[in-house]
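Excluded from the calculations below are hydrogen atoms, water molecules and symmetry mates; all remaining heavy atoms, backbone and side chain alike, are included.
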Amino acid sequence: MNRPQHRSLLTKREREIFELLIKDYSTREISTKLGISEKTVRNHISNTIQKLGVSSRTQAILELLRLQELSIN
């Protein structure tokens, strides 16, 4: 029987984007890799920043690492 996983703060797409951000991908590189527009990438980042109550991408990454929503591989 599968054990329930904890509910993530991030959507699948937000997680994909932030995993690429911590690998130093640019907004343009992320949009190309995921096949979405740069505006959509920025929207996902903005939504995550707002969700976390922080004011920058860097703060969002640090908070996601602290919350163990992301890890540096």
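Side-chain atoms of Gln59 come within 3.5 Å of backbone atoms of Ser55 as a donor-acceptor pair (strictly under, hydrogens ignored).
Taken to the nearest 0.5 Å, the CD1 atom of Ile30 stands 11.0 Å off from the NZ atom of Lys23. Here CG of Leu10 is found 6.0 Å from CG of Leu70. Values are rounded to the nearest 0.5 Å. In this structure, OG1 on Thr48 lies 10.5 Å from CG on Asn43, to the nearest 0.5 angstrom. Here the NE2-CD distance, from His44 to Glu14, works out to 7.0 Å after rounding to the nearest 0.5 Å. Going from atom OG of Ser71 over to atom CG of Leu64 covers 11.0 Å, rounded to the nearest 0.5 Å.
Within the 4.5 Å cutoff, side-chain heavy atoms of Ile45 are placed close to those of Leu21. Between Leu67 and Leu52 there is a side-chain heavy-atom pair separated by less than 4.5 Å. Between Thr27 and Arg42, some side-chain heavy-atom pair lies under the 4.5 Å cut-off. Under the 4.5 Å side-chain criterion, counting only non-hydrogen atoms from C-beta, Glu69 is in contact with Arg15. The closest side-chain heavy-atom distance from Leu62 to Val54 is not below 4.5 Å.
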- Message: With side chain to side chain contact (heavy atoms under 4.5 Å, CB included) as the criterion, how do Leu34 and Thr40 come out once you've worked through the C-alpha distance, each side chain's angles and the decisive distance to 0.1 Å?
- Response: CA-CA 10 Å; Leu34 298 180; Thr40 300; over 6 Å; no
- CA sep, side-chain torsions, deciding dist, call: Ile36, Arg13, side chain to side chain contact (heavy atoms under 4.5 Å, CB included): CA-CA 10 Å; Ile36 58 178; Arg13 184 61 93 189; 3.8 Å; yes
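Of all heavy-atom pairs between Phe18 and Arg57, the closest is CE2-O, 4.3 Å.
The environment of NZ in Lys51 is crowded: more than 12 heavy-atom neighbours from other residues, nucleotides or ligands sit within 6.0 Å.
Lys12 has a carboxylate O that lies under 4.0 Å from a charged side-chain N of Glu16, or vice versa, which qualifies the two as a salt bridge.
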